[in-house]
Amino acid sequence: MTATRPADDDLVGRFIRLTPFVDGDIPDLHAAIGVPEVFAGGYGGGPAGRPVDLAAYEEFAHGYYASGPDSMPWTVRLIGGDDDGRVVGATWFGDLDLGNESAHLGATGYDPRVWGTAVNPEVKLLLLDLAFRNGFGRVKIQADANNARSRAAIERLGASFEGVLRRHKRRADGTWRDSAVYSVIIDEWPAVRAGLEARLAAFGDRPVEVGVGREA
C-alpha cells in the first residue's frame with residue numbers, strides 16, 4: 001500500500017482555491033448552488049432533493065459533503081478580480097480505499113454563472129494531482145447516466161468511460177438512477193494533466209468573473 005490520506009490543507013490554483021469545508025461556508029454555498037439549475041441534472045438526488053431553505057440546506061450539506069472520516073469535502077472559491085474569495089461551489093474527495101489505492105471524486109456542484117469557465121478544469125486538476133501525489137492509483141468520477149452536461153464535462157477532462165451501473169442509486173423522488181462511471185488511473189495521469197493544463201492556459205490570466213461563464 002502506498003496511498004495515504006492527504007492533509008486537510010488549502011489547494012491553490014491560478015483561478016480558484018479549494019478550502020476544506022466548514023460549517024461557516026454553508027450560507028455562501030446555499031446561495032451559490034442551492035438553485036434549481038444545479039439540482040436539475042441529478043445533483044443531490046435530483047430536483048426533489050433540493051433543500052427548501054437554508055436550514056434544510058445545512059442538514060443536506062452535513063450528509064452530502066461531510067459524511068465520515070473517509071470524506072474530504074471542499075469549498076470552491078475564486079481567486080482575483082472583483083469576485084476574489086467568492087464561494088462558487090463545492091466538491092468532494094472520498095471513498096478513500098488506501099489498501100486498493102482508489103478514491104472517488106464527486107458531489108461537485110457550481111454556481112451556474114461559472115459553468116464553462118476555468119473553474120471545473122482547475123478543480124479537477126488540483127484534486128487529481130492531490131490524489132496521485134498521495135499514492136492513489138485510480139480515481140472514479142461518476143454522474144447520473146441521464147445528465148448529458150455532466151457526462152460531457154467528465155469526458156472533456158480525459159477520464160475513461162468504464163460503463164453504466166444500472167439501478168445504482170435512488171433519486172430523491174424515489175426513482176432509480178443509472179450511474180455512468182468514469183475513471184482516471186495513474187498511467188493516464190500525465191496525459192490528462194497535460195490536457196487540463198492546456199485548457200487552463202487557453203483562458204489566459206484574467207480572473208473568472210461570476211456571470212460571464214459559458215455553457216459547459
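For the numbers below, each heavy atom of this structure counts, side chains included, while hydrogens, waters and symmetry mates do not.
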Colleague: Is the shortest heavy-atom distance from the side chain of Leu128 to the side chain of Leu157 under 4.5 Å?
Modeller: no
Colleague: Are more than 12 heavy atoms from other residues, nucleotides or ligands located less than 6.0 Å from atom CD of Glu162?
Modeller: yes
Colleague: From Phe203 CZ over to Thr117 OG1, what is the distance, rounded to the nearest 0.5 angstrom?
Modeller: 6.0 Å
Colleague: If I take atom CG from residue Asn146 and atom OG from residue Ser179, how far apart are they, to the nearest 0.5 angstrom?
Modeller: 10.0 Å
Colleague: If you group Ile, Leu, Val, Met, Phe, Trp and Tyr by side-chain heavy-atom gaps below 4.5 Å, do Phe161 and Val181 land in one group?
Modeller: no
Colleague: Taking all atoms of both residues into account, what is the closest heavy-atom pair of Ala143 and Ile154, and its distance?
Modeller: CB-CD1, 3.9 Å
Colleague: Sub-3.5 Å donor-acceptor pair from the side chain of Arg17 to the main-chain atoms of Gly85, do we have one?
Modeller: no
Colleague: Taking the side chain from Asp70 and the backbone from Gly94, do they hold a donor-acceptor pair closer than 3.5 Å?
Modeller: no
Colleague: Got a sec: does the CZ of Arg166 have more than 12 other heavy atoms crowding it under 6.0 Å?
Modeller: no
Colleague: If you compare all heavy atoms of Glu188 against all heavy atoms of Ser183, which two are closest, and at what distance to 0.1 Å?
Modeller: OE1-O, 3.9 Å
Colleague: Does a donor on one side chain and an acceptor on the other come within less than 3.5 Å for Asn147 and Asp144?
Modeller: no
Colleague: Can you find a heavy atom in the side chain of Asp82 that is under 4.5 Å from one in the side chain of Glu209?
Modeller: no
Colleague: What about Tyr57 and Tyr64, are their ring centers closer than 6.0 Å?
Modeller: no
Colleague: Between CD1 of Ile141 and OG of Ser150, what distance do you get to the nearest 0.5 Å?
Modeller: 11.0 Å
Colleague: With side chain to side chain contact (heavy atoms under 4.5 Å, CB included) as the criterion, how do Val88 and Asp28 come out once you've worked through the C-alpha distance, each side chain's angles and the decisive distance to 0.1 Å?
Modeller: CA-CA 8 Å; Val88 293; Asp28 288 337; over 6 Å; no
Colleague: Indicate yes or no: at least one non-hydrogen side-chain atom of Arg138 is less than 4.5 angstrom from one of Glu101.
Modeller: no
Colleague: Determine whether the side chains of Thr19 and Trp74 contain a donor N or O and an acceptor N or O closer than 3.5 Å.
Modeller: no
Colleague: Mind running salt bridge (Lys or Arg N to Asp or Glu O under 4.0 Å) on Asp205 and Arg14 for me, showing each step along the way?
Modeller: CA-CA 8 Å; Asp205 294 323; Arg14 287 195 296 135; 3.2 Å; yes
Colleague: One pair to check against side chain to side chain contact (heavy atoms under 4.5 Å, CB included): Glu155 and Tyr182. What are the steps and the verdict?
Modeller: CA-CA 8 Å; Glu155 289 164 5; Tyr182 300 79; 2.6 Å; yes
Colleague: With Arg149 as the cation and Trp115 as the aromatic partner, state whether NZ or CZ is under 6.0 Å from the six-membered ring centre and within 45° of the axis.
Modeller: yes
Colleague: Any side-chain heavy atom of Val139 sitting closer than 4.5 Å to one from His104?
Modeller: no
Colleague: Is the shortest distance from a Lys or Arg side-chain nitrogen in Asp25 or Arg77 to a carboxylate oxygen in the other one below 4.0 Å?
Modeller: yes
Colleague: Salt bridge check: are Arg171 and Asp173 linked by an N-O gap of less than 4.0 Å?
Modeller: no
Colleague: Take Asp178 and His168 through the test side chain to side chain contact (heavy atoms under 4.5 Å, CB included) and record every step on the way to the result.
Modeller: CA-CA 5 Å; Asp178 295 341; His168 179 223; 6.0 Å; no
Colleague: Could you tell me whether the side chain of Val208 reaches within less than 4.5 Å of the side chain of Asp83, counting heavy atoms only?
Modeller: no
Colleague: Are Arg170 and Arg177 close enough that some pair of their side-chain heavy atoms sits under 4.5 Å apart?
Modeller: no
Colleague: Do Leu105 and Leu165 sit in the same hydrophobic cluster, where Ile, Leu, Val, Met, Phe, Trp and Tyr count as joined when their side-chain heavy atoms come under 4.5 Å apart?
Modeller: no
Colleague: Under 4.5 Å between side-chain heavy atoms, hopping through other hydrophobics if needed: is there a path connecting Val12 to Val114?
Modeller: no
Colleague: Which atoms form the tightest heavy-atom contact between Leu126 and Gly13, and what is the distance?
Modeller: CD1-N, 3.9 Å
Colleague: Is the shortest side-chain heavy-atom distance between Ser102 and Lys140 below 4.5 Å?
Modeller: no
Colleague: Less than 4.5 Å apart, any side-chain heavy atom of Leu200 and any of Phe15?
Modeller: yes
Colleague: Between Asn120 and Tyr110, does the side chain to side chain contact (heavy atoms under 4.5 Å, CB included) criterion hold? Intermediate values first, please.
Modeller: CA-CA 8 Å; Asn120 187 52; Tyr110 305 115; 2.7 Å; yes
Colleague: How far does CD1 of Ile26 sit from CG of Asp23, to the nearest 0.5 angstrom?
Modeller: 4.5 Å
Colleague: Do the ring planes of Trp189 and Phe132 sit parallel (below 30°), tilted (30 to 60°) or perpendicular (above 60°)?
Modeller: tilted
Colleague: Looking at Pro51 and Ala56, what are the two nearest heavy atoms and their distance?
Modeller: CB-C, 3.6 Å
Colleague: Name the one of Ile33, Val76, Thr91 that satisfies side chain to side chain contact (heavy atoms under 4.5 Å, CB included) with Thr108?
Modeller: Thr91
Colleague: Rounded to the nearest 0.5 Å, what separates atom CD in Glu122 from atom CD in Glu197?
Modeller: 10.0 Å
Colleague: Minimum heavy-atom separation for Tyr65 and Tyr43, please, with both atom names.
Modeller: OH-OH, 2.9 Å
Colleague: Where is the tightest heavy-atom contact between Ala172 and Ala48, given as atom of each residue plus distance?
Modeller: CB-C, 3.6 Å
Colleague: Rounded to the nearest 0.5 Å, how far does CG of Leu130 lie from CE of Met72?
Modeller: 6.0 Å
Colleague: Using modelled atom types and a 3.5 Å cut-off, is there a donor and acceptor pairing between side-chain atoms of Arg50 and backbone atoms of Gly34?
Modeller: yes
Colleague: Count the heavy atoms of every other residue, nucleotide or ligand shown that sit under 6.0 Å from CZ of Arg5, and state whether that count exceeds 12.
Modeller: yes
